[in-house]
Amino acid sequence: MDKTYDPHAIETAIYQRWEKQGYFAPQGDGASYCIMIPPPNVTGSLHMGHGFQETIMDALIRYHRMQGRKTLWQVGTDHAGIATQMVVERQLLGQGTNRKELGREKFVEKVWEWKEESGSNITRQLRRMGASMDWTRERFTMDPGLSKAVEEVFIRLYDDGLIYRGNRLVNWDCKLHTAISDLEVVSEEENGSFWYFRYPLLNGATTADGKPYITIATTRPETLLGDSAVAVHPDDDRFKHLIGQQVELPLCNRSIPIIADTYVDPAFGTGCVKITPAHDFNDYEVGQRHKLPMINILTKDGVINENGPIAYQGMDRFDCRKQLVRDMESAGLLEKVEDHKLKVPRGDRTGVVIEPYLTQQWYVAVAELAGPAIAAVENGSIEFVPKNWENTYFSWMRDLQDWCISRQLWWGHRIPAWYDLDGKIYVAPTEEAARKKYQLAADVVLTQDEDVLDTWFSSALWTFSTLGWPEDTEELRTFHPTDVLVTGFDIIFFWVARMIMMTLRFTGEVPFKKVYIHGLVRDGEGQKMSKSKGNILDPIDLIDGIDLESLVSKRTDSMMQPQLASKIEKATRKQFPDGIAAHGTDALRYTYYSLASTGRDINFDMGRMEGYRNFCNKIWNAARYVFMNTEELAPTQPTDKSHYSSADLWIQSRFQLALQKVNENIAVFRFDLVSQAVYDFFWNEYCDWYLELSKPILWDANANEEQKNATRYTLLSVLEQSLRLAHPLMPFLTEEIWQKAAPLLGITGDTIMLQPYPQTDDSIISPAVDAEIEWVKSVILAIRNIRGELNVSPAKTIPVLLSKGSAKDQTHLQANRQYLVKLAKLESITWFDDSALAPPASMQLAGEMEIRVPLAGLIDVKAEQARLGKEIEKLQGEITRVNTQLSNERFVANAPPAVVAKERERLAANEASLLQLNEQLVKLGSL
RNA sequence: AGGCGCGUAGCUCAGUUGGUUAGAGCGCUUCCUUGACAUGGAAGAGGUCACCAGUUCGAAUCUGGUCGUGCCUACCA
């Protein structure tokens, strides 16, 4: 084995072997365990969030697979209607054409081409992460099986009256020419203006203070063209008398009524509100209440249409705004303009301002679906982790609006609805089926609806459509409901809630029993990663490494704002002067786990990743040591337990404790604690102590062969178990080493992946052995402390004198003398029954036992006095604290007896230690 | 405006139902190339647990409030 671990040399080959051998497929007859991947966009690429998510899922999958469960990780991708269509449209633009020129059929063909071409990108990256998903079952939301499920669901919901067509206001994206759902709109505060317009009163009416006009305030002047009324609050004394009067709508040559509605807040603005039912959600409601005309003034492009005055027709909505304000001003009707902050709704894909727009769309009536979906979480059939997300879920579900599912796109599932010439609707999978279902005469002309379904409609069916529904398949029976959904909070509404509703409706089962909600991956400073901030990290770059120039150009390529680019370049050069080193997949994964505590975002820390890369290297080198001692002569399992040294028994016991921690924490998704348990055990116990403790035995010419064999066996078998313990977290490294370790133990099996996970066995846990090795450690630490504090060269062997210990100390000493000599580098160990006879020395305590390193020629008395002084001071502080505590009667009376007893013991022990140290100090002083 | 989080070492984070001297990694200081590993080993330094009040024998932990900070939802034309 090489001296340094080189992940690059092994990872890809190992993965290819796993996949080729079919290890990712469900196996055996165990209880099923299934996770559905949240399908990434088929044309997308892997980012840090994906990396994190897949890493969590893979650990769960590998863990349960090794537990003997029949495990399926269902993989697949999403067609992502809007995102994908936009990418292809942009490409076409580059080729000097566009989708309209191509026509629908050709365009969709192009998208399929692009999907085939780029679709493998993200799946290749998933493989690099080591994700053990069953690629033979890869699905795509638009493949035939899933499309069939989509049709089936649509038709059944329609037939049940839960899907309907309606003419109402939607969020309209003027760039995409499609409706989008509320969830696809992001509102952010922007600087705008508040324009105060005067609407002249007609028929000689005046306001309470005698003005011949009323003033309204608006943030969207252009909507004036579609006004149907002006509203005031019914109890507003300033305007009460005007209710029912007419005002002139400026520039439009028509008059509109003044109406009363409690929607108006008299304290805001002027207390008068222009009402534009066709272009504002609130106004729409008011319009409905008062039966006002809906005047749509915009085309699908956001241009003023024929309903506007001629002067504005054909004008873009924002140009119109400017022109209209100018015109109002010159008409003397602009009272004032104020700066105003307002939330502007924008499409999350296009970034253009969304218009409330009146169109025909398809809707899912969600009320009936929501009930069971709420109940499933209430009664615990579905559990959120962390639990507090359930509140978010409830609050959203209980105030659910009907779901607009039609999109005016070409890429997606075409809506299975046909219209005859009268516009009558027929819903069926095909035209032929429609004729049959509705018994239509052959001469009835049918045309299919042009729209496609919202992408989330098909993803809502993901858990059961991927398993073959609507057929009653073996897979469905075996793997549904799935065990856990691992996803981010940002799509609880988009996806999780809708999956729950649809799955309950169509399978009668919950889609998953648990929902593990993880946090967002941010950069080391807690900033959201984004292109414009230039702080994006690519998981693949962290695995393979990347040189500075490539990183800079990657981060600054295709920047919209060049001044940002130079800033990003500078920051990048400062943060990564040498680029990013290769860390390997296992180190990246481990970093994710270590940061994956629940209920908070993850600030990705490069420093930590380096630490875990080092951990990988540590494992690698520990394995080298083990193989050095076992390769030539494979150890055999000891026939008698007595052959084991106390260190052998200790490390076996410690392994069990680590295993317990791992099991407990995986069950509650605490991967940070899982990773820490493995790290602590392997580095701080196995490497730091056990490997060192094995040396005195293996290198002792006097030790018998049975003892040596037992130690070599323990070295190897604990290593092998540790590899299995860690495999779900670091699959590649563990596989590589296991391949070498397993044969030495006579283990047959082609891969660690399919080996059983280590089994807990309480009989291996031994508090007595644990205490014994703790004793050894404490003595060694005490001696090392003396060495360190007093600067004794580590190369120098030193004598040690022990005294005042208990019988137990003596027993421990006898059994473990060799460990002390080797690990503390001792020349001799002498037991003094009478410490008064001890020569001048530096002293440390291990319990009551005094440990002395004679001073002669080694150390200066002053330094030793200072060291003792420090110890004494610390002890005194502690004694004072405990004394105060114990002299508090109420503490003694109220605290549990065990706690009081503990404090008393502590006081006694500290006082004894203090006495010993003081004596020592006096002794030194007399020199 | 409501809702949910967060605030612990220089940095990134743990800290179970209140109960030893509040932990880890990175960074820092000193020493060490000894036969697994310098991506290493040994020994250290470093924290008024944001602030205030309360409950309690006892609070990083529970309650209330303040400040700071992040996100989500709904929004006033």
Side-chain angles (χ1 to χ4, degrees), chain A residues 1 3-5 187 194 216-220 223 231 263-265 267-276 280-283 342-343 386 388-389 391-392 395-396 399 489-490 492-493 519-520 522 524-526 528 581 583 587 591 594-595 597 599-629 664 668 670 672-673 676 679-680 684 687-688 691-692 695 699 781 784-789 791-795 825 874 877-878 881-882 885 888-896 898-900 902-903 905-906 910:
Chain A
M1 281 170 85
K3 194 168 168 182
T4 305
Y5 171 54
S187 291
F194 216 18
I216 58 93
T218 183
T219 56
R220 295 194 300 151
T223 61
Y263 152 71
V264 179
D265 174 5
F268 187 82
T270 63
C272 303
V273 186
K274 61 193 276 306
I275 301 297
T276 321
D280 182 281
F281 289 101
N282 288 309
D283 292 6
L342 74 162
K343 291 270 179 115
N388 54 319
W389 287 109
N391 294 325
T392 309
S395 68
W396 191 71
D399 185 30
F489 60 86
D490 48 334
I492 289 180
F493 305 144
L520 201 70
R522 301 166 174 279
E525 267 89 53
K528 217 168 177 162
H583 291 82
T591 312
S594 75
L595 295 170
S597 62
R600 75 187 291 161
D601 286 347
I602 293 126
N603 295 349
F604 193 86
D605 183 12
M606 293 288 292
R608 275 183 98 129
M609 187 168 53
E610 273 171 48
Y612 295 121
R613 195 250 340 248
N614 296 352
F615 181 47
C616 292
N617 192 55
K618 189 75 180 176
I619 296 174
W620 182 262
N621 279 293
R624 286 178 64 217
Y625 170 78
V626 173
F627 292 143
M628 244 173 59
N629 288 290
E664 281 161 21
V668 292
R670 286 301 302 271
D672 56 332
L673 300 180
Q676 181 143 25
Y679 186 99
D680 275 349
N684 299 334
C687 290
D688 283 353
L691 294 194
E692 296 308 318
K695 289 173 185 175
W699 297 352
L781 284 172
R784 282 178 182 169
N785 179 262
I786 294 173
R787 287 191 109 109
E789 294 272 327
N791 258 333
V792 178
S793 157
K825 197 142 196 193
K874 224 162 111 186
E878 182 62 10
R881 200 191 62 78
V882 181
Q885 173 101 316
N888 181 346
E889 280 170 36
R890 288 187 303 176
F891 169 72
V892 179
N894 291 314
V899 173
V900 178
K902 229 180 218 175
E903 291 291 318
E905 268 170 42
R906 175 138 45 100
N910 283 334

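Per chain, numbering begins at 1; letters A, B, ... match sequence-line order.
- You'll find a donor-acceptor pair under 3.5 Å spanning the side chain of Lys618(A) and the base of C37(B), going by distance alone.
- Close to C13(B), at under 4.0 Å from its OP1 or OP2, lies no side-chain N or O of Ser597(A).
- To the nearest whole angstrom, the two C1' atoms, one in U30(B) and one in U66(B), are 44 Å apart.
- In this structure, Asn614(A) atom CG and C26(B) atom C1' are separated by 10 Å, rounded to whole Å.
- At a threshold of 4.5 Å between non-hydrogen side-chain atoms, the residues Lys618(A) and Tyr612(A) do not count as touching.
- Comparing the P positions of U69(B) and U63(B) gives a spacing of 24 Å, expressed to the nearest Å.
- Regarding contacts with the backbone of G15(B), a side-chain N or O of Arg670(A) is found under 4.0 angstrom from either OP1 or OP2.
- What separates CZ of Phe604(A) from C1' of C13(B) is a distance of 14 Å, to the nearest Å.
- Rounded to an integer number of Å, the gap from CD of Glu610(A) to C1' of C11(B) is 13 Å.
- For C13(B), one of the phosphate oxygens OP1 or OP2 lies less than 4.0 angstrom from a side-chain nitrogen or oxygen of Asn603(A).
- Asp265(A) comes within 4.0 angstrom of a base, heavy atoms only.
- In this structure, CZ on Arg522(A) lies 6.5 Å from NZ on Lys528(A), to the nearest 0.5 angstrom.
- With C1' as the reference atom, C26(B) and A45(B) are 16 Å apart, rounded to whole Å.
- Heavy atoms of Leu520(A) sit nowhere under 4.0 angstrom from any nucleic acid atom.
- Atom P of A53(B) sits at a distance of 43 Å from the matching atom of C76(B), rounded to the whole Å.
- Pair check for U73(B) finds A1(B); Watson-Crick or G-U wobble, both atom distances under 3.5 Å.
- For the pair Asn617(A) and U39(B), the criterion of a side-chain N or O lying under 4.0 Å from OP1 or OP2 is not met.
- Distance CD1 (Ile602(A)) to C1' (C71(B)): 14 Å, rounded to an integer number of Å.
- With Asp280(A) contributing its side chain and Thr276(A) its backbone, the two residues share no donor-acceptor pair below 3.5 Å.
- Using a 4.0 Å heavy-atom cutoff across all strands shown, Arg784(A) reaches sugar-phosphate atoms only and no base atom.
- Nucleic acid contact for Val892(A): none, since no nucleic acid atom lies under 4.0 Å from a heavy atom of the residue.
- Counting to the nearest Å, the P atom of A77(B) and the NZ atom of Lys274(A) are 12 Å from each other.
- Note on Thr218(A): only backbone sugar-phosphate atoms sit closer than 4.0 angstrom, heavy atoms only; bases stay farther off.
- With hydrogens and angles left out, the side chain of Glu692(A) and the base of A36(B) share a donor-acceptor pair within 3.5 Å.
- A stacking contact between Phe615(A) and G25(B) is absent: the pair does not combine a ring-centre distance of less than 5.5 Å to the base's six-membered ring with planes differing by less than 30°.
- With distances taken from any side-chain atom of Phe489(A) to the nucleotides A77(B), C71(B), C75(B), the minimum falls on C71(B).
- One atom, OH of Tyr5(A), and another, P of U39(B), lie 17 Å apart when rounded to the nearest Å.
- Across the C1' atoms, A22(B) and A60(B) are found 8 Å apart, a figure rounded to whole Å.
- Look at the C1' atom in both A42(B) and U61(B): the space between them is 35 Å, to the nearest Å.
- When distances are taken from the side chain of Gln885(A) to each of C75(B), G19(B), A43(B), the shortest belongs to G19(B).
- Regarding Tyr679(A), its OH atom lies at a distance of 14 Å from the P atom of U39(B), rounded to whole Å.
- Each of A14(B), A36(B), U20(B) was ranked by its minimum atom distance to the side chain of Tyr625(A); first place goes to A36(B).
- The shortest side-chain heavy-atom distance between Val273(A) and Ile275(A) falls under the 4.5 Å cut-off.
- Ring orientation note: the planes of Trp396(A) and Phe493(A) are close to parallel, at an angle under 30° on the 30°/60° scale.
- In this structure, Glu903(A) pairs ionically with Arg906(A), as a charged nitrogen and a carboxylate oxygen lie closer than 4.0 Å.
- The base-pairing partner of C6(B), taking Watson-Crick or G-U wobble contacts with both distances under 3.5 Å, is G68(B).
- Of the candidate nucleotides A43(B), C57(B), C76(B), C57(B) has the atom nearest to the side chain of Arg890(A).
- Closest to the Arg906(A) side chain, of the nucleotides U20(B), G44(B), A14(B), is U20(B).
- When heavy atoms are screened at a 4.0 angstrom cut-off, Asp688(A) is found touching the sugar-phosphate backbone but no base atom.
- For the pair Trp699(A) and Asp680(A), nearest-nucleotide mapping onto RNA chain B gives the more 5' position to Asp680(A).
- Taking only side-chain nitrogens and oxygens, Lys528(A) never comes nearer than 4.0 Å to OP1 or OP2 of C71(B).
- Between the side chain of Asp672(A) and the backbone N or O of Leu595(A), no donor-acceptor pair lies under 3.5 Å.
- Looking only at distances, a side-chain donor or acceptor of Asn629(A) sits under 3.5 Å from a matching main-chain atom of Tyr625(A).
- Here C37(B) is the nucleotide among A14(B), C37(B), C76(B) with the atom lying nearest to any side-chain atom of Lys3(A).
- In terms of phosphate contacts, Lys825(A) brings no side-chain nitrogen or oxygen within less than 4.0 Å of OP1 or OP2 of A42(B).
- Here G70(B) is the nucleotide among G19(B), G70(B), A77(B) with the atom lying nearest to any side-chain atom of Arg522(A).
- Within 4.0 Å of Ile216(A), counting heavy atoms only, lies no atom of the nucleic acid at all.
- Shown here, A42(B) forms a base pair with U30(B); the pair counts as Watson-Crick or G-U wobble because both key distances fall under 3.5 Å.
- Rounded to whole Å, the separation between the P atoms of A14(B) and C57(B) comes to 33 Å.
- Across all strands shown, Cys687(A) has heavy atoms under 4.0 Å from base atoms, whether or not it also approaches the sugar-phosphate.
- Across G70(B) and U12(B), the matching P atoms stand 14 Å from one another, rounded to whole Å.
- Aromatic stacking of Phe891(A) on C57(B): not satisfied for centres closer than 5.5 Å together with planes under 30 degrees.
- By the 30° and 60° cut-offs, the orientation of the rings of Tyr679(A) relative to Phe615(A) is tilted.
- Without hydrogens or angle criteria, Asn617(A) side chain to Tyr5(A) main chain gives a donor-acceptor distance under 3.5 Å.
- Using a 4.0 Å heavy-atom criterion, one finds that Trp396(A) contacts no nucleic acid atom at all.
- Checking A59(B) for Watson-Crick or G-U wobble geometry (two distances, each under 3.5 Å) identifies no partner in any strand.
- With distances taken from any side-chain atom of Arg608(A) to the nucleotides G5(B), U12(B), A77(B), the minimum falls on U12(B).
- Map Arg624(A) and Phe268(A) each onto its nearest nucleotide of RNA chain B; the residue landing nearer the 5' end is Arg624(A).
- One can place CG of Asp399(A) at 18 Å from P of C72(B), the figure rounded to the nearest angstrom.
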